[in-house]
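Input: a single structure, listed below in structure tokens.
Since the model is a prediction, treat every value here as computed from it, not as a measurement. Throughout, protein chains are lettered first and strands after them, A, B, ... in sequence-line order, and every chain is numbered starting at 1.
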2 protein chains.
Amino acid sequence: MLSIGELSRRTGVKIPTIRYYEQMGLIDAPERSQGNQRRYTSEGVNRLSFIRHSRDLGFSIENIKGLLELSQHPEKPCHDAHSIAVQHLEDVQGRIAKLRRLERELKRISKCDAGNIADCAVIETLADHGLCETEH
Amino acid sequence: MLSIGELSRRTGVKIPTIRYYEQMGLIDAPERSQGNQRRYTSEGVNRLSFIRHSRDLGFSIENIKGLLELSQHPEKPCHDAHSIAVQHLEDVQGRIAKLRRLERELKRISKCDAGNIADCAVIETLADHGLCETEH
DNA sequence: ATAATGTCTCTAGTAACTATAGCTTCAAGA
DNA sequence: TCTTGAAGCTATAGTTACTAGAGACATTAT
């Protein structure tokens, strides 16, 4: 049986975050010690690792709830799990495209070596959208 | 003199967001009509465009406050504006790198065509971090 | 036994908005 | 001039995914 601190160390999820996940219904309320402290099993470690990993990949808590539910029913078709993943992939690709446009513009404006604000490309570019190289 | 709705249309910033920016001190409280409605000038359009553009580029409201303050003092050296932009550029590049690793993994796991959850790569991958191709 | 560390609950705060309710004002047509 | 419908007002609360703090209690090591 692991304390919450031990669980935190093993999964890399911070203690308040573990309690938060419990509150949100992502993980079951665990057994308690005589002194009312949470005590986890290795099952708890697995489930929390799953959550941690999914969060790292950017899935929302709602998505993770769905994925966890699916993983609980190995007999079901995995169509839903895929549609969550594919949808997320599209979202990620969109974000990458947006960030790369942004990167190009930031690179451009941060090259400025003017002595004062009056002719500083950073301020100028931000003030006048028309100067942008790309749409956003 | 523009109403808040007109300002919203011209800048692409939603009405509640404009009021929020006023509350946050990003824009000055404008004049009011006799009936207490906000009335903006073209100066207001410029300032809000600057903010909109900066937000699109991902600057935080705190950063924008700094940038706005700098833009108000054209005689100052623009070193600070650059350091904000450069720092932001680094952040953006970090996010891109992370998202691309994520994209690779999502592509991989969403290719799965298993019939049921038991051998579905999405669930399997999420459950076992060790299966990942990349670190995250 | 005692000290140090860990854990408990509860509340409130974070960023950057968004939504709702219930009211008032404005502009245009009859 | 009256009316009606769109637009605007304030204030409050909700969103996401946590994070921080206070003050009390539990566990562990010496």
Which letter, B, S or -, goes with each nucleotide of nucleotides 2-18 of chain C from 5' to 3', with contact meaning a protein heavy atom under 4.0 Å? ----BSSB------BBS
Side-chain contact, heavy-atom cut-off 4.5 Å: A/T41 with A/M1? yes
Would you mind reading off the distance between A/L2 atom CG and D/dT28 atom P, rounded to a whole angstrom? 12 Å
Taking atom CD1 of A/I27 and atom CG of A/L7, what is their separation to the nearest 0.5 Å? 7.0 Å
Any pair counted as salt bridge (Lys or Arg N to Asp or Glu O under 4.0 Å), so long as it reaches residues 42-51 of chain A, sequence neighbours left out: none
Tell me, do B/I51 and B/T11 make a side-chain contact under 4.5 Å, heavy atoms counted? no
Which pairs would a plain distance check flag for residues 12-24 of chain A, meaning a side-chain donor or acceptor within less than 3.5 Å of a matching protein atom at least two apart in sequence or in another chain?
| residue | atom | partner | partner atom | Å |
| --- | --- | --- | --- | --- |
| A/E22 | OE1 | A/R38 | NE | 2.8 |

Does D/dA26 have OP1 or OP2 under 4.0 Å away from a side-chain N or O of A/S33? no
Write down the distance between CD (A/Q34) and P (D/dC25), rounded to a whole number of angstrom. 18 Å
